Every structure is written in structure tokens, then in C-alpha cells.
Participant: 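Once you've had a glance at the structure underneath, I'll fire off some questions.
Residues take their numbers from the sequence shown, with the count starting at 1. The model shown is predicted, which means the values in this text are computed figures rather than measured ones.
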Amino acid sequence: MTAILAMALILPSTGAKMDITIDGQKVGTASVSEKITEDGGKLSDLRMELSSGGKTVVISETAKFDQDGRPLAKTLLQTGLGPKIDRKANFAGGVAKVTMTVDGL
């Protein structure tokens, strides 16, 4: 099976939304957006939603960068099948602090 991302909508300089297909059948959507923050940094959001057999998995990621492109924070959230998994990383002084919670624990 080959997964193909089909471009459905492109919004200039702000983001894109795509259909996800497997063997020609739509199984989900993916979207990406980026914006420049007031301090000159960048905020990036990615989201993918996949459905099959009545079950849906959603994966979303948010990343924040400073004006020089260095990472400041990143969050990855997975919901749907299995437990809700939330991963967060904060970056400062060349060190990353990473936390992970599963179903809020």
C-alpha cells in the first residue's frame, strides 16, 4: 500500500491542508501552518488525522523557534487509539527539558 498526500488547499505563506489517501481511498487529513511571531520567531503547527475501521488517531505538533531559528519549545500530542500521550520539550541554554504524560499521569 502506498500512502499519497494529495494537496487539497494551499493558503499562501500561512499553511496547507492535504488529504491522505491509501490506494486512492481517503483515510485522513494533514495540515501545516506557520506564522512569524511578534518577536520575530516562528510558530509551526502540524496536524494529522487518520481514520480506519471506525477508529481515529490524531497527532498534532507545535514548535516554537526564536528569531535565529533556535528551538524554544515543542509539543507532540497523540490521541485516539490507546492512551492520550503528550510530549513536551523546552529548550534553553543548550539544554532540552523533556516531559511525557500518558493519560494525564
Participant: Are Leu77 and Ser60 packed together at the side-chain level, in the sense that at least one heavy-atom pair is separated by less than 4.5 angstrom?
Facilitator: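 The answer is yes; the side chains approach within 4.5 Å.
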Participant: I want to check something: taking the side chain as every heavy atom from C-beta on, are Val58 and Arg47 in contact at a cut-off of under 4.5 Å?
Facilitator: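 Val58 vs Arg47: side chains touch.
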Participant: Check whether any side-chain heavy atom of Asp45 lies under 4.5 Å from a side-chain heavy atom of Val32, and answer yes or no.
Facilitator: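 No - every pair of side-chain heavy atoms lies 4.5 Å or more apart.
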Participant: Whether the Asp19 and Thr29 side chains hold a donor-acceptor pair (N or O, under 3.5 Å, no angle test) is what I'd like checked.
Facilitator: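 No pair is found: no donor N or O on one side chain lies under 3.5 Å from an acceptor on the other.
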Participant: Are the side chains of Met48 and Ile20 in contact, using a 4.5 Å heavy-atom criterion?
Facilitator: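 Side-chain contact under 4.5 Å: yes.
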Participant: Between atom CD of Glu34 and atom NZ of Lys42, what is the distance when rounded to the nearest 0.5 Å?
Facilitator: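 The distance works out to 4.0 Å.
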Participant: Rounded to the nearest 0.5 Å, what's the gap from CG on Asn90 to NZ on Lys64? Could you check?
Facilitator: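 The distance works out to 10.5 Å.
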Participant: For the CG atom of Asp39 and the CG atom of Asp66, what is their distance to the nearest 0.5 Å?
Facilitator: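 If I round to the nearest 0.5 Å, the distance is 8.0 Å.
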Participant: Tell me every residue that passes side-chain contact (heavy atoms from CB on, under 4.5 Å) with Ser51, counting only those two or more places apart in sequence or in another chain.
Facilitator: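 Expected list: Thr56.
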Participant: Look only at the side chain of Thr37 and the backbone of Gly41, and say whether a donor-acceptor pair between them is shorter than 3.5 Å.
Facilitator: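 At least one qualifying donor-acceptor pair exists.
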Participant: Taking atom CG of Leu76 and atom CG of Asp86, what is their separation to the nearest 0.5 Å?
Facilitator: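 Here the rounded value is 8.0 Å.
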Participant: So which residues get pulled into Met100's cluster when ILVMFWY side chains under 4.5 Å apart are joined, directly or through others?
Facilitator: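 Ile85, Val102, listed by chain and number.
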Participant: Which pairs count as salt bridge (charged side-chain N to carboxylate O under 4.0 Å, His left out) when at least one residue sits in residues 74-85, sequence neighbours excluded?
Facilitator: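 Applying salt bridge (charged side-chain N to carboxylate O under 4.0 Å, His left out) to every pair that reaches into residues 74-85, excluding sequence neighbours, yields Glu61-Lys74.
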Participant: I need the Lys26 NZ to Leu50 CG distance, nearest 0.5 Å.
Facilitator: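 Result: 11.5 Å between the selected atoms.
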Participant: Answer yes if Leu46 and Leu43 sit in the same cluster of Ile, Leu, Val, Met, Phe, Trp and Tyr residues linked by side chain heavy atoms under 4.5 Å apart, and no otherwise.
Facilitator: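 Cluster IDs for Leu46 and Leu43 differ.
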Participant: Could you give the distance from NZ (Lys17) to OG (Ser33), rounded to the nearest 0.5 Å?
Facilitator: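 If we round to the nearest 0.5 Å, Lys17:NZ and Ser33:OG are 12.0 Å apart.
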